[in-house]
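Note: hydrogens, waters and symmetry copies are ignored here, and every other heavy atom, side chains too, is used. Not measured: the values here are computed from a predicted model. Throughout, residue positions are numbered sequentially from 1 according to the sequence presented.
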Amino acid sequence: MLGDLLASFSDVISPLGVFRFVSVRTAAAAITAIVLSLALGPVVIARLRELRVGERIREDGPKHHEVKAGTPTMGGVLIVASVLVATLLWADLTNRLVWTAVLTLLAFGAIGFHDDWGKLRGRGGMRARTKFGLQTLLGLATGGLLLHFAAGGHFTSRVVFPFIKEFQPDVGVLLVPAVALVLVASSNAVNLTDGLDGLAAGCVLVAAAVYTAITYLSGHAELSAYLDIVNVPGASEVTIFGASVMGAALGFLWFNAHPARVFMGDVGSLALGAAIGIQAILIRQEMLLVFVGGVFVLEAASVIIQVAGYKLTGRRIFRMAPIHHHFELSGWKESQVSVRFWILAFLCALAALTTLKLR
């Protein structure tokens, strides 16, 4: 870990001792991820163009999206690489929770990569059932690992509910399916949100920032006691992972903002969704995802409502789902939809932070 290496020279250069602090390494991880994304972005985009990894536009989508055909996709490899390098450089690599977060990011990113590559090479993407099955298996495996940690006293299977102070039940073995549910839901919700320039990246940036702050509080004994939130041993190091996700999303947004030069693809959206989900799980604040990821919940709910409504009545509830396309077809410009959804994500973030004290 670079932080330990720099701190080891503090006897010679005393200011380097600050790298022992999680707060300093968190800032360093965010900066590292941003710089990597900005520096490698043009290289990755050029390489994707050479490979002719271009986006295919839905035939039933808004007509103005047709100009995006051929725009490089699978830019999520840039996000995953930036998060991975920044985390490995600045986090304590003896921390089992950090490795849990990193491996979850990579595993869900691998599913997205396989799906993207198959689509773009004309072989067709993974069948929905196969894709969902793999996500579920990974979620169950992650849940099993965390249950093992809990049995050894290195994790807790208690669940925290927003607005309720005293009720923190220990779910025991139910932790395993609960973890799978959260990871599958969060990864797919971000995947559904990724339909407009900058939309998913901006909303992930906000969600990652909130969970990075809460993770820091959860890993701090005094602050977590003051706010009466679960203090998870070793969770403070996961702050660095969250900051890396935040920095990578911000750096990617530079190239993904309207008009986008690159799209993240499933490799990016599934990985980012899983990253937000696993961070929430590791600090036992998965219930807070309803607030933190309010935009993602709205997007996923709109698809469920659209499908259910059509099957029951034969009519569409929205002009098009996910709901960001509904607003486009209602007359909003693409950039307006993205920015307004970012504002909504920010409001959801404020609501989430408020719940920490209103209990």
Within the side chain of [X], is there an N or O that forms a donor-acceptor pair under 3.5 Å with the backbone of [Y]?
X	Y	result
Arg158	Pro169	no
Thr87	Leu84	no
Asn188	Val184	yes
Trp90	Ile240	no
Gln279	Ala208	no
Ser157	Leu175	no
Asp116	Met74	no
Trp332	His324	no
Arg316	Tyr310	no
Tyr216	Tyr211	no

Contact summary for [X] and [Y], nearest pair of heavy atoms:
X	Y	answer
Met264	Ala201	CE-N, 4.0 Å
Phe263	Ala260	CE2-CB, 3.5 Å
Leu282	Ala101	CD1-CB, 4.0 Å
Val176	Leu140	CG1-O, 3.5 Å
Val83	Ala248	CG2-CB, 3.6 Å
Cys203	Ala345	SG-CB, 4.1 Å

Test item: side-chain donor near acceptor, Asn256 and Asp197, under 3.5 Å: no
Determine whether the side chains of Thr239 and Thr215 contain a donor N or O and an acceptor N or O closer than 3.5 Å. no
So if you build clusters from Ile, Leu, Val, Met, Phe, Trp, Tyr with side-chain heavy-atom gaps below 4.5 Å, do [X] and [Y] land together?
X	Y	result
Val230	Val179	yes
Val44	Leu253	no
Ile276	Ile229	yes
Phe341	Val303	no
Leu289	Val171	yes

Answer whether the closest heavy-atom distance between the side chains of [X] and [Y] falls below 4.5 Å.
X	Y	result
Leu183	Thr142	yes
Leu105	Val80	yes
Val206	Trp342	no
Arg127	Lys131	no
Gln168	Val159	no
Pro72	Arg261	no
Phe318	Ile305	yes
Glu286	Leu181	no

Report yes if the distance between the aromatic ring centroids of Phe149 and His154 is under 6.0 Å, otherwise no. no
Do other residues, nucleotides or ligands put more than 12 heavy atoms under 6.0 Å from the CZ atom of Phe346? no
Take a 6.0 Å sphere around CZ of Arg340 and say whether it holds more than 12 heavy atoms from other residues, nucleotides or ligands. yes
Nearest 0.5 Å, please: how far is [atom2] in [Y] from [atom1] in [X]?
X	Y	atom1	atom2	result
Phe327	Leu196	CZ	CG	11.5 Å
Leu217	Gln285	CG	CD	9.5 Å
Glu328	Gln336	CD	CD	10.5 Å
Leu298	Cys348	CG	SG	8.5 Å
Glu299	Ile323	CD	CD1	7.0 Å
Thr104	Leu138	OG1	CG	8.0 Å

Verdict with reasoning, Ser269 to Asp194, per side chain to side chain donor-acceptor pair (under 3.5 Å): CA-CA 7 Å; Ser269 59; Asp194 183 35; 4.6 Å; no
Please evaluate residues Val245 and Phe241 with respect to the criterion side-chain contact (heavy atoms from CB on, under 4.5 Å), reporting the C-alpha separation (whole Å), side-chain torsions for both, the decisive distance (0.1 Å), and the verdict. CA-CA 6 Å; Val245 173; Phe241 174 79; 4.0 Å; yes
Any chance you could lay out the side-chain contact (heavy atoms from CB on, under 4.5 Å) test for Leu78 and Val43, step after step, and finish with the verdict? CA-CA 10 Å; Leu78 174 63; Val43 178; over 6 Å; no
Candidate pair Leu272 and Phe108, rule side-chain contact (heavy atoms from CB on, under 4.5 Å), full reasoning: CA-CA 9 Å; Leu272 286 175; Phe108 277 79; over 6 Å; no
Show the numbers, then the answer: is there a salt bridge (Lys or Arg N to Asp or Glu O under 4.0 Å) between Asp92 and Arg25? CA-CA 10 Å; Asp92 178 2; Arg25 289 185 286 118; over 6 Å; no
Chi angles and distances behind the side chain to side chain donor-acceptor pair (under 3.5 Å) call for Trp254, Ser37: CA-CA 9 Å; Trp254 181 273; Ser37 296; over 6 Å; no
Between His114 and Met126, is a side-chain contact (heavy atoms from CB on, under 4.5 Å) present by the stated rule, with each step listed? CA-CA 8 Å; His114 186 274; Met126 299 170 72; 3.5 Å; yes
